[in-house]
Undergrad: 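Okay, here's the structure, questions in a sec.
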Amino acid sequence: MVELETRELEYFVVLADELHFGRAAVRLSIAQPALSKAIRRIETRLGVPLFIRSSRHVELTPAGEALREHGRHALNAVSAAVRHARRAGEAHDHLRLVLKPGGDAGLLSGILAEYARRPDARRVDILFSGPADRADFLHDGRADVGLLYAPFDDLDGLAHETLHAEDRVAIVPSGHRLAGHASVRMSDLAGEALPRWKGVPGGDGSGPEVADVTQMLHMITVSRMVGVLPRSLVEPVPEGLVRVPVTDAPPSRLVLAWNERDRRPLLASFVAAALESKPQDS
């Protein structure tokens with residue numbers, strides 16, 4: 001069986017990203033001849049060329065494309081395994097909780113207070129992420145637990161408990177044609193520019209790209225788009241904007257999520273505290 005060391009795979013992936021031996025060598029902090037020698041050694045061991053080299057450029061072969069895709073996953077898996085192992089071996093373990101800014105529906109302080117009352121409580125570090133990568137934080141070990149929104153975030157491979165369910169509202173400028181309506185349907189928003197979320201592939205948005213809710217609300221204020229959000233993300237409603245209920249939008253659920261393979265007692269204790277602290281009407 002052909003075997004590659006993790007360091008060799010890292011050399012290959014960096015070069016596959018840069019497609020330039022000089023830049024890749026700088027990123028890896030090694031000499032360019034050493035990188036060239038390592039890549040030739042990998043190709044000899046695999047028995048296939050990974051790069052097409054010329055005096056002007058470097059490009060991947062089909063074999064190189066395949067190794068780049070699977071090699072990146074392999075490196076991520078190794079990195080996650082190391083993080084999980086180190087965390088499991090820590091004498092004084094703690095938790096990392098990831099959420100998007102303002103994405104706790106006002107529940108986080110109550111959750112932390114309830115957890116702090118437990119005799120087995122540990123330190124909880126708060127991490128903030130972009131609009132699309134909180135599930136990635138949980139899968140690769142950067143975070144232990146997270147506050148996610150269903151059905152927007154991908155919960156595949158994650159255990160989760162619903163903490164709060166709420167309706168969704170359209171956010172429009174105060175002078176918008178829908179601003180005076182008591183409610184709207186999704187069909188009423190046809191033809192409107194909706195946001196494109198940075199880092200989120202697909203989607204139906206045709207408006208400007210935004211990285212967070214704050215950016216989106218600013219773009220709505222200047223009439224560049226409209227948005228549909230969970231109600232709690234726009235409480236209170238910013239000046240110059242109007243919030244209109246969307247009657248046929250599926251409810252948004254704030255969920256506490258964690259890697260389904262994580263069975264540590266301190267995580268179970270945090271989940272129990274979160275469920276005890278959630279509002280009775282959720």
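One is the number of the first residue; the rest follow in order along the sequence. Just so it is clear, the structure is predicted and the values come from calculations on it, not from any experiment.
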Undergrad: Applying the 4.5 Å side-chain criterion to the ILVMFWY set and letting contacts propagate, would L35 and I52 be lumped into a single cluster?
TA: no

Undergrad: For L147, is there any backbone N or O sitting under 3.5 Å from a side-chain donor or acceptor partner on K100?
TA: no

Undergrad: Strictly by modelled atom types, are S252 and E166 linked by a side-chain donor-acceptor pair under 3.5 Å?
TA: no

Undergrad: Is there a donor in the side chain of E260 and an acceptor in the side chain of H160, or the other way round, less than 3.5 Å apart?
TA: no

Undergrad: Taking H20 for its side chain and R23 for its backbone only, find out whether a donor-acceptor pair lies under 3.5 Å.
TA: yes

Undergrad: Do the charged groups of E43 and R53 touch, with an N to O distance under 4.0 Å?
TA: yes

Undergrad: More than 12 heavy atoms of other residues, nucleotides or ligands under 6.0 Å from CZ of R185: is that the case?
TA: no

Undergrad: Aromatic contact between F51 and F12, with the criterion being ring centroids under 6.0 Å apart: yes or no?
TA: yes

Undergrad: Less than 4.5 Å apart, any side-chain heavy atom of L138 and any of V98?
TA: yes

Undergrad: Do the charged groups of E161 and R253 touch, with an N to O distance under 4.0 Å?
TA: no

Undergrad: Do the side chains of L60 and L19 get nearer than 4.5 Å, heavy atoms only?
TA: yes

Undergrad: What distance do L108 atom CG and L112 atom CG have between them, rounded to the nearest 0.5 Å?
TA: 4.0 Å

Undergrad: Find out whether D140 and N76 are in side-chain contact, i.e. whether some heavy atom of one side chain is under 4.5 Å from a heavy atom of the other.
TA: no

Undergrad: Would L254 end up clustered with L275 when hydrophobic side chains under 4.5 Å apart are linked, directly or stepwise?
TA: yes

Undergrad: Donor-acceptor pair, S183 side chain versus T247 backbone, under 3.5 Å?
TA: no

Undergrad: Looking at H94, is its backbone amide N or carbonyl O close enough to the side chain of R123 to form a donor-acceptor pair, meaning the two atoms are under 3.5 Å apart?
TA: no

Undergrad: When you compare the side chain of K278 with that of H164, does any pair of heavy atoms fall below 4.5 Å?
TA: no

Undergrad: Using salt bridge (charged side-chain N to carboxylate O under 4.0 Å, His left out), reason through E8 and R45 one step at a time and then give a plain yes or no.
TA: CA-CA 11 Å; E8 292 177 315; R45 198 175 306 165; 2.9 Å; yes

Undergrad: Should E276 and R117 be marked as a salt bridge (charged side-chain N to carboxylate O under 4.0 Å, His left out) after you check the CA-CA gap, both sets of side-chain angles, and the distance that decides it?
TA: CA-CA 12 Å; E276 290 175 8; R117 286 193 283 269; over 6 Å; no

Undergrad: Kindly work out whether a path of hydrophobic side-chain contacts (I/L/V/M/F/W/Y, heavy atoms less than 4.5 Å apart) joins V26 to V58.
TA: no

Undergrad: With sequence neighbours excluded, tell me which residues meet side-chain hydrogen bond (donor to acceptor under 3.5 Å, both in side chains) with D17.
TA: R72

Undergrad: Is the backbone of R168 close enough, under 3.5 Å, to the side chain of R231 for a donor and an acceptor to pair up by distance?
TA: no

Undergrad: Please list, chain by chain and in numerical order, all residues satisfying side-chain hydrogen bond (donor to acceptor under 3.5 Å, both in side chains) with E65, sequence neighbours excluded.
TA: R68

Undergrad: Does R264 come within less than 4.0 Å of D144, counting only side-chain N to carboxylate O?
TA: yes

Undergrad: State whether the side chain of S29 and the backbone N or O of A25 hold a donor-acceptor pair below 3.5 Å, judged by distance alone.
TA: no

Undergrad: So, D153 side chain and Y149 main chain: donor-acceptor pair closer than 3.5 Å or not?
TA: yes

Undergrad: Just by modelled atom types, is the T221 backbone N or O under 3.5 Å from a matching donor or acceptor in the R224 side chain?
TA: no

Undergrad: With no hydrogens and no angle check, is any side-chain donor or acceptor of T44 less than 3.5 Å from a backbone partner on R40?
TA: yes

Undergrad: Are V13 and E10 packed together at the side-chain level, in the sense that at least one heavy-atom pair is separated by less than 4.5 angstrom?
TA: no

Undergrad: State, yes or no, whether a side-chain contact exists between V48 and T61 at a heavy-atom distance under 4.5 Å.
TA: no

Undergrad: Is the shortest distance from a Lys or Arg side-chain nitrogen in R122 or D120 to a carboxylate oxygen in the other one below 4.0 Å?
TA: no

